[in-house]
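To keep things clear, I will list the structure first and then write my remarks on it.
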Protein chains: 2
Amino acid sequence: MKRGWQDIQTEALRRIQSREWPPGGLIPNEAELARELGCARATVNRALRALAEDGWLERRRRAGTRVALSPQRRAQMSVPILRQEVEGLGKAYSHRVISRKIKGGLLHLEGLHFADKAPFAAEQRQVNLSEVPQMADVDLDQISANEWLVQNAPFDRGTLEYAAEPASGFDTKHLECAPAAPLMVLRRETFSETAMVTAVRMSYAPGHAVRLVI
Amino acid sequence: MKRGWQDIQTEALRRIQSREWPPGGLIPNEAELARELGCARATVNRALRALAEDGWLERRRRAGTRVALSPQRRAQMSVPILRQEVEGLGKAYSHRVISRKIKGGLLHLEGLHFADKAPFAAEQRQVNLSEVPQMADVDLDQISANEWLVQNAPFDRGTLEYAAEPASGFDTKHLECAPAAPLMVLRRETFSETAMVTAVRMSYAPGHAVRLVI
DNA sequence: GATCTGAATATGTCTATACATAATTACAAA
DNA sequence: TTTGTAATTATGTATAGACATATTCAGATC
C-alpha cells in the first residue's frame, strides 16, 4: 500500500505510461482508488489533480477522469531577467543605456546588455509613465529597466512572443552582427488591470537559443 | 470574510501587488491568516501553495512564507503538436513524407507539414527503433511521426530549444523561402528512462512566432 | 568561541466527514 | 419526438484534528 500523494501520483503515472490505463480511457473514480491504494480520497484527489495540471489526465465532474488523448505536457520557462540569464551562463552582466526620451506620456528607451563585455541583447522599450510614474526618476545606469519593472511593476497579464527576424540596422550596429543575420527576437507586452505598462523588443546576439524545460 | 481558497488567493495576491506585503517580506503564518480571514488553515495552505507554484511566494518550513524578490511568473507553452497548431489557426492540416530510411537501428525521417497547402514546417527526425519498434510499421502517410510518437511513446524527460537560424538547403527547398532566410528552428530530444527515443529538427516557414502565455 | 543538542515552530501532509457543483441519466409531461 | 425535471454520481472544496518534517534558535558543553 502506498502512502503519500506523491506515491499515488507515481503509481498513477506508471499506469498511464504502461497503458494499463490507455489514452482516452476512463480510470477508476477517486473513492475506488482510495480503497484500492489504502488512503483517503483527498489524497487520491491531490495526486490526480496534480497529474491533470501537468496534462496527463482530464477531469470532469460527474463524467470522471480519463487519460489525456495527447498527453501534452506543458513546457515551462521563466520570464527572462537578463541579468540572471547571463549570470546563469557564468558570465558577468552589465548594461548600458543607449538613448532615453519622453514623448507623449511614454518613456522611450534603447539599451544594450552585455555578457562579459560582449553584446548579449539589444533592447527597445516603451514604458507607460501614467502607469509607473516613478520610472521617470529611476537611474537606469544603476538598474536595468527590465529589472526595475519586474520588481516594481507587478502586472496581471501579458504576451510574450519569440520570432526569428533578420537583424535590423539597430541590431546590426549594436550587436556587432552581419546585416540581416538571423536573430532571435523577443517581443513582450505587459498590462496592468487598466492599461499597457510596457512593451519591449529584445533582439539577442546571434546564436542565442531559448531552452525550455519539460 | 472570504470563502473559497481562490478568494484567499485573490486576497493574498492583492496584498502582494499592492505591496502591503512587500517583496522579500515575511507574511503572516497560515494559522494567523486562517484566523484573520475566517477559514481553515488547509484552505490558506491551498491558496498560498498555488501562489508559490506560480512564483509569487517562497515558502520554507519553520522559516515561513515570504514574497518572492523577483516575482518571476512562469510562462507556459504546451509541447506543440503541429496538427493542433495549424488547426488552431483555422487552417487545414496535412503532411507528406519526404524520405524514410533505416540505418543502424535508427529510423531517419524527413517530412513536410502544410497549413492550407502552404508549407508550414519542415521536419528532420531520428527515431530509436529499439525504444519504439512498432514505429517501423506505422503508416506515416496516415499519421505524422510527431503525432504517433506523442500518443504512443510517452517520455520521461526531454529538451526543447528554439533558435533563429538561416534557412538550410533543405529548408529553402521545401519551405519555399529565400536561401539563408531567418527561420525559427525547434530542436527537441526526448528520452525514456533508459535511452533517447527521438530527436527532431523542425524548421518553420518564415514569419512563424512562438507565443507563450503568462 | 566553536560545536553539539534538544526545544520550538511553520509548513507539509493525511484523515474522515460533510456539503457544493457540474454533468449525465432516467423519467415524466407536452 | 421533444422538452423539462428530478435523481444520481464523480469531482471540487471546506473543515478540524493529528502527526511529520525541516529549520531555526537557545542553551549546554567542549
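The chains referred to below are lettered A, B, ... by the order of the sequence lines, with proteins before strands, and numbering in each begins at 1.
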Under 3.5 Å, which donor-acceptor pairs link side chains of residues 60-67 of chain A to any protein atom two or more places apart or in another chain?
residue : atom : partner : partner atom : Å
A:Thr65 : OG1  : A:Arg59 : NE           : 3.1
A:Thr65 : OG1  : A:Arg59 : NH2          : 3.4
A:Arg66 : NH1  : A:Gly24 : O            : 2.6

[X] [atom1] to [N] [atom2]: how many Å, rounded?
{"X": "B:Arg46", "N": "D:dA14", "atom1": "CZ", "atom2": "P", "value": "8 Å"}
{"X": "A:Glu53", "N": "D:dG12", "atom1": "CD", "atom2": "P", "value": "10 Å"}
{"X": "A:Leu48", "N": "D:dT13", "atom1": "CG", "atom2": "P", "value": "14 Å"}
{"X": "B:Gln9", "N": "D:dT13", "atom1": "CD", "atom2": "P", "value": "11 Å"}
{"X": "A:Leu57", "N": "D:dA10", "atom1": "CG", "atom2": "P", "value": "17 Å"}
{"X": "A:Asn29", "N": "D:dT9", "atom1": "CG", "atom2": "P", "value": "11 Å"}
{"X": "A:Glu58", "N": "D:dA10", "atom1": "CD", "atom2": "P", "value": "18 Å"}
{"X": "A:Glu30", "N": "D:dT13", "atom1": "CD", "atom2": "P", "value": "11 Å"}

Next item on the list: Look at B:Thr43 and D:dT13 and indicate whether a side-chain polar atom (N or O) is within less than 4.0 Å of OP1 or OP2.
Entry: no
Item checked: Sidechain-backbone polar pair: A:Asn128 side chain, A:Ser130 backbone, donor-acceptor under 3.5 Å -> yes
If you look only at distance, which donor and acceptor atoms sit under 3.5 Å apart when one is on a side chain in residues 137-144 of chain A and the other is two or more places apart or in another chain?
residue  : atom : partner  : partner atom : Å
A:Asp139 : OD1  : A:Asp141 : N            : 3.0
A:Ser144 : OG   : A:Glu147 : N            : 3.1

Next item on the list: For nucleotides 21-26 of chain D, just jot down a letter per nucleotide in 5' to 3' order: B, S or -, based on protein non-hydrogen atoms under 4.0 Å.
Entry: BBBBS-
Checklist line | First-last contacting nucleotides on DNA chain C - partner chain A, under 4.0 angstrom, heavy atom | finding: C:dT13 to C:dT25
Next item on the list: Return the set of residues passing ring-ring contact (aromatic ring centres under 6.0 Å, His included) with A:His208 (not counting sequence neighbours), or none when no residue passes.
Entry: A:Phe120, A:Tyr204
Margin query: So, using side-chain hydrogen bond (donor to acceptor under 3.5 Å, both in side chains) as the criterion, who are the partners of B:Glu87 when residues are at least two apart?
Written below: B:Arg83
Checklist line | Most 5' of B:Ile27 and B:Ala42 on DNA chain C, judged by nearest nucleotide | finding: B:Ile27
Next item on the list: For A:Arg201, enumerate each residue passing the salt bridge (charged side-chain N to carboxylate O under 4.0 Å, His left out) test, keeping only those at least two apart in sequence or located in another chain.
Entry: A:Glu165, A:Asp171
Notebook entry, point to check: Under the salt bridge (charged side-chain N to carboxylate O under 4.0 Å, His left out) test, which residues partner B:Arg100, sequence neighbours left out?
Noted result: none
Notebook entry, point to check: Hey, which of these two, B:Gln6 or B:Arg41, hits DNA chain D nearer its 5' end, going by closest nucleotide?
Noted result: B:Gln6
For residues 105-114 of chain A, tabulate all N or O donor-acceptor pairs below 3.5 Å that involve a side-chain atom, not counting sequence neighbours.
residue  : atom : partner  : partner atom : Å
A:Glu110 : OE1  : A:Ser99  : OG           : 3.1
A:His113 : ND1  : A:Tyr93  : OH           : 2.8
A:His113 : NE2  : A:Glu123 : OE1          : 2.5

Next item on the list: Using a strict cut-off of less than 4.0 Å between a Lys/Arg side-chain nitrogen and an Asp/Glu carboxylate oxygen, indicate whether A:Arg35 and A:Glu32 qualify as a salt bridge.
Entry: no
